[in-house]
Amino acid sequence: MDRLTMLRQRPCRQLSVIATAGILLLIVYHVYHQPVLGQLSVHRLPLPKTASLSNRKHFDDLRLDDAQCQATFPGLTKDIDDMVAFGSFSVKYETRPDSPMLVRLEKGQLYIVHHETDKDIITAPYRDARLATLHQIHRAILTSPVPLPDTVLAVNVLDGPRNDTLSYSRAAFGAATPGSPLVTRAFLMPHFSFWGWPALPFVGSFQKAVEAVSTQHMPFSKKDARPVWRGTKRYNSAQHPKMREDLLAVAGGQRWADVQELAWGEGDGQTKNDQKVVATNALRIQDFCKYKYVVHTEGITYSGRLQFLQLCASVLLTPPMAWLQHTTHLVKPVYASDLLGVRTTEKETTSPAGKKWPRYSPSEANAVFVAPDWSDLYDAVTWLEAHLDVAEGIAQRQRSLFWEQQGYLSPAAEVCYWRALIQGWAKVAKVIDERWSKAPRGVPWEEFAMGYPKEVRDK
Ligand SMILES: *[C@@H]1O[C@H](CO)[C@@H](O)[C@H](O)[C@H]1NC(C)=O
C-alpha cells in the first residue's frame, strides 16, 4: 500500500496528526522568531526612494539611519561631500583664548578639550551659541542608530568662518575682508537657533517659530503685497558694503514697501543689563509671513534670519547670497533681471556671484535674486504682482522645500546632517599634531553643560 492510499483510507486520524504537528510548529516558530521580526521592523522603516508627501511622518524622527536620511533628504549633505573632497588635514591643537573650541568624541562620549575664554570675543551671544551647538552634537550622537567614529572636532562659534573648523557659514564667493585669503575648508554646521536663540526675544528657537508659522493659514492672495524688512543699518558685508543703506534709500518710507530700520532705543538688539531689549517696530517671524515678499539681507557675514524667512510661503527677495549656511545650496534663484527681460551683461554672468549661482526658470525657482543695490526691487515686485501665479509658485516651493513637504529644516534633517558631518569630518580630519599627545582628555560634556569648569558660567 503506498502512502497516498493509506492517507485516503484513514483520512481523519492522519489529518488531525498533521494538523496538530503543524500548529505546534507554528507556535514554536512564532515564539522564537517574533522578537527578531519585531526588531527588524522597527529598524527598517519602509521609505520611498525619493522625497514625497509620505516622508512627512519622518520629519520628527531623530533616529533615521544613513540610507533613510539620504532617501528622505536627497542632496542635503552636498556641502559636506565638497569639504571631504578637499582631502585630509590636521586638526591643530591650539589653546589660545580665542582658538576654536576642541571637542573630543570618544566611544560616543563628548569631552571639551579647549573652549575659548577671550572675554572680548566670547560674549553672551557666543556663549549661548556654543552651548546650543554642543547640545545639538550631543543629540545627534545620542539618537544615532550606529556608533559615530572617534574624532576631535574644532568648533568655531564666531560669525566669521575659520579654516579647518566647523563653522555656521562660509563665503560663497569673495573673502570677508577684501584682499584677504578665502576660508575654503569650513565645514558648515547647522545654526544654533535649531536648538535655541533665547537672546532674541521674538525668535526664541526655530521650533517655536515653526509652530507660530504653521498655525497661521493665510492664503497668498490675502497677504500684504509690500516687500517687508526690519534690520540694523550698520551690519554689511565686504561683498556688499552698502547693502542695507541702499535698501533703506530705495525702499525706506516708501508706500509700496514696509522697510524700516529697527528702532532699538538705547539697546543694541541683544541683552542689556540682562534685560532683553525689544525694538519698538520689530516683527515676529509669523508677522513676516503675512507679507507676500520678504526681503533678506546678509550681515557682516551670514544672517541667521534666513532659515526663519524660509519658513514663510512668501517670495524671498535677496541680492545674490554671498554666504552659505548648511542648506543654502538648496536655494534656486530666478533673477529679477530675467523676469523683467533685462539683458544680462557678460559682466554679471562672469562675476563671482554670477558664476556661483545658477539661473533657474520662474517655474522651478524658490527665491528671487535682485540687484545688490536694490535698483530693480520695485520693478521686480511690480512684475510679480502682475504675475501672481508665478509669485505664489515661488513662495510655495520655498515653504514646501524647507518645511511642509520636503522638510530640509526639520529636526530629522538636522540630526541626519550632524551625523553625516561628524562622519565626513572624521574621514579627513587627522589628529596627528604632535601636541595632541600631551593634550588633556577634556571636561566631560555632562559637566560642561552644567557650567563646569566654573569659567564657563562666568559672565
Ligand atoms: C584656508 O585654507 C586654504 C587651503 O589650504 C588656503 O588656500 C587659504 O588661504 C586659507 N585661508 C585662510 C584665511 O587662511
Side-chain angles (χ1 to χ4, degrees), residues 51 55-56 59-60 72-79 168-170 172 188-197 200 202-218 220 223 227-231 283-299 301-334 357 360 362 364-370 384 391-414 416-417:
N55 278 352
R56 281 170 69 168
F59 292 168
D60 290 323
T72 314
F73 308 111
L76 172 66
T77 59
K78 180 193 171 291
D79 199 77
Y168 296 126
S169 137
R170 194 180 68 238
L188 297 177
M189 59 179 171
H191 194 249
F192 59 88
S193 60
F194 292 108
W195 185 270
W197 199 350
L200 292 191
F202 276 3
V203 175
S205 76
F206 191 72
Q207 208 52 37
K208 212 158 111 183
V210 162
E211 279 158 32
V213 174
S214 296
T215 51
Q216 189 177 63
H217 300 285
M218 194 181 233
F220 191 73
K223 295 188 181 193
V228 63
W229 183 82
R230 294 289 184 279
L283 292 178
R284 298 170 304 172
I285 178 61
Q286 61 268 39
D287 297 332
F288 278 100
C289 296
K290 290 178 185 157
Y291 291 76
K292 286 185 198 169
Y293 307 103
V294 289
V295 173
H296 175 60
T297 51
E298 293 171 325
T301 61
Y302 75 102
S303 167
R305 88 173 73 189
L306 177 62
Q307 63 267 22
F308 292 90
L309 295 179
Q310 285 171 331
L311 285 174
C312 301
S314 304
V315 179
L316 187 85
L317 295 169
T318 172
M321 283 184 266
W323 290 89
L324 303 174
Q325 287 179 265
H326 85 289
T327 60
T328 311
H329 65 279
L330 299 168
V331 171
K332 292 183 172 175
V334 59
W357 287 104
Y360 290 89
E364 298 169 284
N366 54 31
V368 175
F369 277 2
V370 295
L384 289 162
E392 187 168 357
I394 296 170
Q396 295 296 351
R397 275 188 294 280
Q398 165 165 277
R399 165 96 185 147
S400 159
L401 175 72
F402 290 105
W403 189 259
E404 199 76 30
Q405 291 183 24
Q406 291 170 266
Y408 279 88
L409 296 177
S410 66
E414 194 213 321
C416 281
Y417 185 94

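- For the atom pair OG1 (T297) and CG (L317), the distance works out to 12.0 Å, reported to the nearest 0.5 Å.
- Within the model, atoms OG of S303 and NE2 of H296 stand 5.0 Å from one another, a figure rounded to the nearest 0.5 Å.
- By the ring pair (Phe, Tyr, Trp, His ring centres under 6.0 Å) test, W403 is found to be paired with no residue, residues two or more places apart in sequence or in another chain being considered.
- Atom CD1 of I394 and atom CG of L316 lie 10.5 Å apart (nearest 0.5 Å).
- Annotation: the span from W229 atom CH2 to F288 atom CZ amounts to 9.5 Å, rounded to 0.5 Å.
- To the nearest 0.5 Å, atom CZ of residue F59 and atom CD of residue E414 are 14.5 Å apart.
- Two residues are said to be in side-chain contact when any heavy atoms from C-beta on lie closer than 4.5 Å; Y293 and V368 fail this criterion.
- Here K78 pairs with D82 under the side chain to side chain donor-acceptor pair (under 3.5 Å) rule; sequence neighbours left out.
- The two atoms that bring P411 and Q207 nearest to each other are CG-OE1, 3.9 Å, heavy atoms only.
- The two residues G196 and S205 have their closest heavy-atom pair at CA-CB, 3.8 Å.
- A distance-only check finds no donor-acceptor pair linking the side chain of N366 to the backbone of R397 [under 3.5 Å].
- Using a distance-only test at 3.5 Å, with no hydrogens or angles considered, a donor-acceptor pair links the side chain of Y408 to the main chain of P74.
- Taking both residues in full, the closest heavy atoms of L76 and C416 are given as CD2-CB, 4.3 Å, listed atom of the first, atom of the second, then distance.
- Summarising the geometry of A395 relative to V315, their closest heavy-atom pair is CB-N, 3.8 Å, with the distance given to 0.1 Å.
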Donor-acceptor pairs under 3.5 Å, side chain of residues 307-314 to any protein atom, not counting sequence neighbours: which ones?
residue, atom, partner, partner atom, Å
Q307, OE1, Q325, NE2, 3.4
Q307, NE2, H191, ND1, 3.1
Q307, NE2, S193, OG, 3.0
Q307, NE2, G304, O, 3.3
S314, OG, K223, NZ, 3.4
S314, OG, Y291, O, 2.7

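- Heavy atoms only, all atoms of each residue included: V295 and P227 are closest at CG2-CB, 3.8 Å.
- Of the inter-residue distances, the one linking D79 atom CG with L188 atom CG reads 4.0 Å to the nearest 0.5 angstrom.
- Residues L330 and Q406 are not in side-chain contact: their nearest non-hydrogen atoms beyond the backbone lie 4.5 Å or more apart.
- Between R399 and E404 a salt bridge is recorded (basic side-chain N to carboxylate O distance below 4.0 Å).
- Residue H326 forms a ring-ring contact (aromatic ring centres under 6.0 Å, His included) with just one option from Y168, F73, F194, and that option is F194.
- No donor-acceptor distance shorter than 3.5 angstrom exists from the side chain of Q286 to the backbone of Q216, with no hydrogens or angles considered.
- Residue A367 comes nearest to V331 through the heavy atom pair CB-CG1, 3.8 Å, listed as atom of the first residue, atom of the second, then distance.
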